[in-house]
Amino acid sequence: RFFPNITGLPPLPFSKNGTLAPWDAFTKFAGCRSGEKRDGLAKLKQYFNEFGYIQNAPSNFSDDFDDELEKALRVYQQNFNLNVTGELDDQTLQKIVLPRCGNADIVNGTTSMNSGKSASFHTTKHFHTTEH
Amino acid sequence: FTFFPGTPRWPDHRQDLTYGFADQLTDEVKAVFARAFERWSAVTPLTFTPTDSYFLADIKIGFFTGDHGDGEPFDGVLGTLAHAFSPTNGRLHLDGAEDWVVAGDVRTSPLPSAVDLESVAVHEIGHLLGLGHSSDENAIMYPTISSRTRKVELGSDDVEGIQYLYGSNPNYNGSTSTTSTHERETSGGVRD
């Protein structure tokens, strides 16, 4: 749907069928931490799998807040300049539910925004600067 | 800034690129993409020219819904907005279910789900050219964008990244600025 002129449109509900955006349901996991089990947590793991934070996905994710989810959360928080807590705090959830690009943040586990900046990367930049 | 694994880029002999659309789009919508391409060509030696031949175009742009055959199905309103492939694949797909704002001030849209088309187009073109996602919240290549937000100007991180791949446009004067206005963005993260 294209809106060439958005002025004058009547206010509409958040989406056409009255439901929330796809990831808004994740906000119910606020405060969830390692060791807990919550219905639907598997979908959050699928989210992290889709964007490269969980590699080697099983056929079915469990609803357990396990070590793998905590590790994914920590990397995500690092990438988005959030406090690295490993928990589903409000700040992290507010970021997760935002609309976003479908491309993964981590591709084949090899590149990753903040969390992928290795010592060699910084060394390369250093030499680049020295050269100038 | 980041790159795709292996740092793919358009080769030196393919830097004058053509783009075509899978759909019958209005001139107004096509103009949005033209402006988005211009932002990248202004800082690099790359050029982008529209063509009527979708199948022969270097860059193929299309709006799709749900499962559209590339293994990355779209999810309806908001959520995933678009995706694009690394060089030299050239495919740029946008979620046809979104409420795309083509003109006017997206911030004042009565639709809470309104998404600024040009903002997303500029980001996805960055992928087409070889950039991955950035942790710099001011960068175009930052992965998230709130609804009713406009963010179209390349940040310094974007420019550094793309010029690492292709060099600079001889006419580029070195100035960049990033304007982001939004309603729903709530992050208070520290800038890298």
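Chain A is the first sequence line, chain B the second, and so forth, proteins listed ahead of strands; every chain is numbered from 1.
Top candidate by heavy-atom pairs under 4.5 Å with chain A, chosen from B:Gly76, B:Gly132, B:Ala84, B:Gly96, is B:Ala84.
Residue A:Phe2 is tested with B:Thr26, B:Asp99, B:Leu25, B:Val101 for a side chain to side chain contact (heavy atoms under 4.5 Å, CB included); the sole match is B:Leu25.
By the 6.0 Å contact criterion, CZ on A:Arg74 is enclosed, its count of non-hydrogen atoms from other residues, nucleotides or ligands being greater than 12. Atom CG of A:Asp67 has 12 or fewer neighbouring heavy atoms from other residues, nucleotides or ligands inside a 6.0 Å radius. Heavy-atom neighbours of B:Lys30 NZ from other residues, nucleotides or ligands within 6.0 Å: above the threshold of 12.
Note on B:Ile140 and B:Tyr164: same hydrophobic cluster, where clusters join Ile, Leu, Val, Met, Phe, Trp and Tyr whose side-chain heavy atoms are under 4.5 Å apart, directly or indirectly. Under a hydrophobic clustering in which Ile, Leu, Val, Met, Phe, Trp and Tyr are joined whenever their side-chain heavy atoms come within less than 4.5 Å, directly or via other members, B:Phe85 and B:Ile61 fall into different clusters. B:Val120 and B:Phe64 fall into different hydrophobic clusters, where Ile, Leu, Val, Met, Phe, Trp and Tyr are joined by side-chain heavy atoms under 4.5 Å apart, directly or via other members. B:Tyr54 and B:Tyr19 fall into different hydrophobic clusters, where Ile, Leu, Val, Met, Phe, Trp and Tyr side chains are chained together by heavy-atom contacts under 4.5 Å.
The closest side-chain heavy-atom distance from B:Glu124 to A:Asn103 is below 4.5 Å.
In this structure, CG in A:Asp105 is found 10.5 Å from OG in B:Ser134, a value given to the nearest 0.5 Å. For the atom pair B:Met141 CE and A:Met113 CE, the distance stands at 10.0 Å (nearest 0.5 Å).
When all heavy atoms of A:Cys101 and B:His127 are compared, the closest pair comes out as SG-NE2, 3.4 Å. When all heavy atoms are compared, the tightest approach of B:Ser146 to A:Pro99 is CA-CD, 4.3 Å. The two residues B:Gly79 and A:Pro22 make their nearest non-hydrogen contact at N-CD, 3.7 Å. For the pair A:Phe51 and B:Thr80, the tightest heavy-atom approach, listed with the atom from each and the gap, is CZ-OG1, 4.1 Å. Across all non-hydrogen atoms, the minimal contact from A:Lys95 to B:Glu137 is NZ-OE2, 3.6 Å.
Looking at B:Phe74, there are no atoms closer than 4.5 Å to chain A (heavy atoms on both sides), in backbone or side chain. Neither the backbone nor the side chain of A:Tyr47 comes within less than 4.5 Å of any heavy atom in chain B.
Using modelled atom types, no side-chain atom of B:Thr144 and backbone atom of A:Leu98 make a donor-acceptor pair closer than 3.5 Å.
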